Each structure stands twice: as structure tokens, then as C-alpha cells.
Amino acid sequence: MNTYYLCISLLLFLLISLGVLVTVGRGKFNTLIGHSSDPEDTLHKWVRAQSNTAEYAPALMIVIYILSQGVQTSWVWWCVVLATGCRYLFVAGILFPKTMASPNPMRFIGATGTYAFGLGLCYALLQQVANA
């Protein structure tokens, strides 16, 4: 099994699933444009989860794909897996708590992990370029 492609697939699945959720939510809540800014509003949480995923997942997918084309050390593999897991954790941290108004560990760990492991992937890509 190619873990790199699996993680790309999981990130794409997350992004498309959240897009479908927002589309269904717009119909359910009869809100075609925009959303409430209430941090407890369900549609607001769905839109924030989807838009944040749309900001990070595509870049991660591209970097993961490029790195998959070469031989990588095990720490790169771990960064790929953990960055993917952190995206899911971040989304869970938005969707499951009652409100987005207060911090929660899932959102914090998900965001921090995305930054840390994403930077690790950037470093791995720079190494790959330098060694080419």
C-alpha cells in the first residue's frame, strides 16, 4: 500500500465530504449565501471546517504527491501521516464541540500539528530539490 497516495485520498475525501455537508446544510437551513457568525451555529461550523480544509488540504496533497515520487526517509513518511491525521483532528475540533467560541484540544493539536508537520514536509521538499 502506498501511504502517500492513501493520505492524498484521505485529504481529498475530507475536502469533498465537507463540501457536500455544506451544500446539504445550505438546503437544510435554507441559507443559500453566507452564514451566521454565531460560533454555535451548525452551518457556521460546517462552513469554517470546509473553508479551512480548502486552505490547507490542496497544498498538502501537492507536496505529498511530489515527495511520493522520490525515496524518502521514515521521518518524511511520519510527517505525511501525522499532517493528514491533524487535518482530521482539526475538523473534529470544529464540528463536535458545542461552540467554536472557546478553545479545545482537538482544534489546537490539529492546527499546531498541521503547521509543524507541514513545515517538515516543506523542509523535505527543499531537501529533495537541493539533492536533485
Side-chain angles (χ1 to χ4, degrees):
M1 172 175 53
N2 187 322
T3 305
Y4 293 87
Y5 290 175
L6 175 63
C7 288
I8 291 169
S9 299
L10 289 170
L11 289 168
L12 183 60
F13 176 78
L14 181 64
L15 181 58
I16 292 173
S17 297
L18 289 168
V20 169
L21 183 66
V22 169
T23 299
V24 169
R26 289 194 178 285
K28 177 182 177 182
F29 300 114
N30 199 23
T31 306
L32 297 179
I33 298 174
H35 56 83
S36 166
S37 61
D38 177 5
E40 292 185 16
D41 180 68
T42 301
L43 183 59
H44 174 71
K45 294 192 311 184
W46 291 356
V47 168
R48 287 306 313 136
Q50 191 273 338
S51 60
N52 189 278
T53 300
E55 292 170 2
Y56 287 95
L60 287 171
M61 289 186 282
I62 291 167
V63 171
I64 292 168
Y65 176 75
I66 293 168
L67 290 171
S68 77
Q69 301 306 298
V71 177
Q72 303 299 331
T73 58
S74 63
W75 72 265
V76 175
W77 183 90
W78 279 107
C79 279
V80 167
V81 170
L82 292 171
T84 302
C86 283
R87 291 313 310 154
Y88 273 81
L89 188 61
F90 181 83
V91 167
I94 289 178
L95 299 182
F96 296 135
K98 180 177 166 67
T99 182
M100 288 179 44
S102 56
N104 69 65
M106 288 187 294
R107 213 164 75 210
F108 176 78
I109 294 168
T112 304
T114 297
Y115 301 146
F117 300 120
L119 286 171
L121 294 174
C122 291
Y123 178 75
L125 188 57
L126 287 171
Q127 272 190 322
Q128 185 168 306
V129 169
N131 294 331

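Source: prediction; values computed, not measured. Side chains are part of it too, since the values below use all heavy atoms of this structure and drop only hydrogens, waters and symmetry mates.
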Distance in Å, Asp41 CG paired with Phe29 CZ, rounded so as to fall on 0.5 Å steps: 7.0 Å

To the nearest 0.5 Å, atom CG of Leu95 lies from atom CE of Met100 at 9.5 Å

Quick one: does any side-chain atom of Lys28 pair with a main-chain N or O of Thr23 as donor and acceptor, under 3.5 Å? no

Could you state the interatomic distance from CZ (Phe108) to CG (Leu89), rounded to the nearest 0.5 Å? 11.5 Å

Measure across Cys79 and Phe117 and return the closest heavy-atom pair with its distance rounded to 0.1 Å. O-CB, 3.7 Å

Without swapping roles, check the side chain of Gln50 against the backbone of Leu15 for a donor-acceptor pair under 3.5 Å. no

Following the transitive rule for hydrophobic clusters with a side-chain heavy-atom cut-off under 4.5 Å over Ile, Leu, Val, Met, Phe, Trp and Tyr, establish whether Trp78 and Val80 coincide in one cluster. yes

Between the main-chain N or O of Asp38 and the side-chain N or O of Ser36, is there a donor-acceptor pair closer than 3.5 Å? yes

Does Leu60 belong to the same Ile/Leu/Val/Met/Phe/Trp/Tyr cluster as Tyr5, with side-chain heavy atoms less than 4.5 Å apart forming each link? yes

Please round to the nearest 0.5 Å and tell me the distance separating atom CZ of Arg87 and atom OG1 of Thr53. 5.0 Å

Which value, rounded to the nearest 0.5 Å, describes the distance between Leu82 atom CG and Cys7 atom SG? 9.0 Å

Are Phe90 and Tyr56 side-chain neighbours, meaning at least one heavy-atom pair lies under 4.5 Å? no

Are Leu121 and Tyr88 co-members of a hydrophobic cluster defined by side-chain heavy atoms under 4.5 Å apart? no

Side chain Arg26, main chain Thr31, donor-acceptor under 3.5 Å: yes

Is there a path from Val63 to Leu119 through hydrophobic residues (I, L, V, M, F, W, Y) whose side chains come within less than 4.5 Å of each other? no

Val47 side chain near Leu18 side chain, heavy-atom distance below 4.5 Å: no

For Gln72 and Gln128: C-alpha separation, side-chain torsions, deciding distance, then whether side chain to side chain donor-acceptor pair (under 3.5 Å) applies. CA-CA 9 Å; Gln72 303 299 331; Gln128 185 168 306; 2.6 Å; yes

Co-membership, hydrophobic cluster, residues Val22 and Val91, 4.5 Å side-chain: yes

Between the OG1 atom in Thr114 and the CD1 atom in Ile109, the distance rounded to the nearest 0.5 Å is 11.5 Å

For Gly113 against Cys86, the heavy-atom pair lying closest together: CA-SG, 3.5 Å

Looking only at heavy atoms, which two atoms of Val76 and Ala124 are closest? And how far apart? CG2-CB, 3.6 Å

Residue pair Pro97 / Lys45, side-chain heavy-atom distance below 4.5 Å: no

Side chain of Asn52, backbone of Arg48: donor and acceptor closer than 3.5 Å? no

